[in-house]
Every structure is written in C-alpha cells, then in structure tokens.
Amino acid sequence: MATEAQVSKAIVIGLQLCGHFAWKSSDKYTVGIADILGTFSVLKSLASGMVNRSFLWMVQPYAGRTIAIETKLVKAWPKQLSSKVLQHELSRAQFKFLESVSDRGGLAYVALAGPAKVSGVSVWLVPFDVWDAGSEQLEGKNITMGWLVDQPNARVPLMRGNLSKGFLATAGPLEASFR
C-alpha cells in the first residue's frame, strides 16, 4: 500500500507536468497547512509540449489562482455505505485553511487515496465546496462512503493507477479537474 507522502508526491509531479507550480508543503511542525500548495498556470504543459490557442480562453480565469490540496490516505475503503471514509479525520485547522483558500477564489481540494480494486491506488479528488456540503453532518471532518460513491465523476473525479508509473501525471483526469 502506498503512503500519504507517495500520493502527495505523485499529485505534485502531475501538477508540475500539467504546467502548474506546486510543491509538497507538509511537515510535522506546521499545523493546518495543506499538504500541497501551488499556483494554477496557463503556461505550456510539460506533458503535451504545446498549448492549443483555442483552449487558453477556457483556463484563463484560473491563471494565478492558489491551489491547496489536503491528502488523506485510507488503508481500506469502508464496506458499509453509512460508514465514515476517513479513519484520521480532517482537523479543524486543515478545514479552516482549505476554506480560507476557497473563500478567496483559490482551488482547494481534499484528495482521498486508498487501495484500488485491482492493483495500484484510487484517488478521489474532492473540491472543497463539494466536501463542505457532503461533510456538513460530520462537522466538516469526514464524509460517508455512500455520499462519496453517489457523487458523479464530473463533480468528484476518480483517478486510478500505479504511483510508481506516475499515473496522476499522465492520465489526464488531474488536469481536467483543474479546468
């Protein structure tokens, strides 16, 4: 099973390959700051090597926005739909940090990583406003498995693959979720 640090590293690499500025900001001394911070860019993607001019008008409104992602690792997905997804819940400080980024026009996410049904890792990338709505009953700290499964992929993208092969960097859903 992957570690939270490996998932964060794969997301950072994916963001960088998509042309965004990102770094892993977490350490054991800073409380509440998201695991990944960055800035959305409309510069050329390293993965594609060129930018389609007709595409630029679609992403321009996001240029320069802050990106904040809190990564959470699940050792096993709950079997019952009414069960909480996270064993180690989002702290109040983490919630407030993501909320402040979102309130100021930034792109805030909670990345839920866990074992894939086959081999590899599944990562649900939950936008903060969606997380906030889904976690309302649980004071913003957690969501239920039933709620997560019920979300359409367009609202909460699911990425699957092998971290060692950089699936988050090359699969496309990561970049699509930041448009």
Side-chain angles (χ1 to χ4, degrees), residues 1-16 18 20-40 61-62 64-115 121-159 163 168 173-179:
M1 180 62 194
T3 65
E4 191 173 300
Q6 290 172 315
V7 173
S8 293
K9 181 180 176 185
I11 292 173
V12 167
I13 291 169
L15 288 168
Q16 291 172 346
C18 292
H20 310 300
F21 178 68
W23 72 95
K24 188 174 177 303
S25 62
S26 60
D27 61 37
K28 60 184 176 180
Y29 306 107
T30 310
V31 178
I33 303 298
D35 294 327
I36 300 167
L37 294 174
T39 306
F40 189 92
Y62 295 108
R65 279 183 162 179
T66 298
I67 299 169
I69 303 172
E70 180 61 39
T71 309
K72 291 292 183 183
L73 186 66
V74 177
K75 297 292 182 192
W77 297 108
K79 303 255 186 263
Q80 295 182 356
L81 295 178
S82 60
S83 298
K84 294 178 181 178
V85 172
L86 298 175
Q87 292 88 21
H88 180 14
E89 297 182 327
L90 206 63
S91 73
R92 198 80 201 132
Q94 292 168 334
F95 181 87
K96 286 294 186 189
F97 181 81
L98 292 174
E99 182 179 48
S100 68
V101 169
S102 181
D103 287 349
R104 289 168 176 82
L107 305 168
Y109 296 87
V110 177
L112 300 174
V121 178
S122 292
V123 179
W124 298 84
L125 194 60
V126 185
F128 178 77
D129 58 336
V130 176
W131 175 275
D132 191 22
S135 65
E136 195 171 318
Q137 299 171 3
L138 302 169
E139 301 172 1
K141 297 177 181 179
N142 214 330
I143 55 174
T144 64
M145 191 64 192
W147 178 88
L148 184 60
V149 171
D150 287 343
Q151 300 306 305
N153 197 46
R155 189 170 178 191
V156 180
L158 174 62
M159 300 171 282
L163 289 175
L168 294 177
L174 181 64
E175 174 65 3
S177 66
F178 287 106
R179 290 189 191 143

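A distance-only check finds no donor-acceptor pair linking the side chain of Ser102 to the backbone of Leu98 [under 3.5 Å]. Judged by distance alone, the side chain of Trp147 and the main-chain N or O of Ser135 form no donor-acceptor pair under 3.5 Å. Judged purely by atom type and a 3.5 angstrom limit, Trp77 uses its side chain to pair as donor or acceptor with the backbone of Pro115. Without hydrogens or angle criteria, Asp35 side chain to Glu70 main chain gives no donor-acceptor distance under 3.5 Å. No donor-acceptor pair under 3.5 Å is formed between the side chain of Glu136 and the backbone N or O of Asp132. Using modelled atom types, one side-chain atom of Ser25 and one backbone atom of Ala34 make a donor-acceptor pair closer than 3.5 Å. Between the side chain of Gln6 and the backbone N or O of Thr3 there is at least one donor-acceptor pair closer than 3.5 Å.
Separation of atoms CD1 (Ile33) and CZ (Phe97) is listed at 4.5 Å; rounding is to 0.5 Å. The line from CZ of Arg92 to CD of Glu99 is 7.5 Å long, rounded to the nearest 0.5 Å. Once rounded to the nearest 0.5 Å, the distance linking CH2 of Trp23 with OG1 of Thr39 reads 6.0 Å. Summarising the geometry, atom CG belonging to Leu148 is positioned 10.0 Å from atom CG belonging to Leu81; distances are rounded to the nearest 0.5 Å. Interatomic distance, CZ of Phe95 versus CG of Asn142, reported as 12.5 Å (0.5 Å rounding).
Between Gln94 and Lys72 the shortest side-chain heavy-atom distance falls below 4.5 Å. Counting only heavy atoms from C-beta outward, the side chains of Met145 and Gln80 never approach each other to under 4.5 Å. Considering only heavy atoms from C-beta on, Ile67 stays 4.5 Å or farther from Leu37 through its side chain.
The minimum heavy-atom distance linking Val101 with Leu107 is given by the pair CG1-N, 4.2 Å. A pairwise comparison of heavy atoms in Ser8 and Ile36 identifies O-CD1, 3.6 Å as the closest pair. Across every non-hydrogen atom of Pro78 and Ser83, the tightest pair is CB-CB, 3.6 Å. When all heavy atoms of Ser82 and Thr144 are compared, the pair lying nearest together is O-CG2, 3.8 Å.
The environment of Glu139 atom CD is sparse: at most 12 non-hydrogen atoms of other residues, nucleotides or ligands sit within 6.0 angstrom.
Remark: Lys84 engages Glu89 in a salt bridge, criterion side-chain N to carboxylate O under 4.0 Å.
Between Leu112 and the choices Leu73, Val123, Ile143, Leu125, the side chain to side chain contact (heavy atoms under 4.5 Å, CB included) rule is met once, by Ile143.
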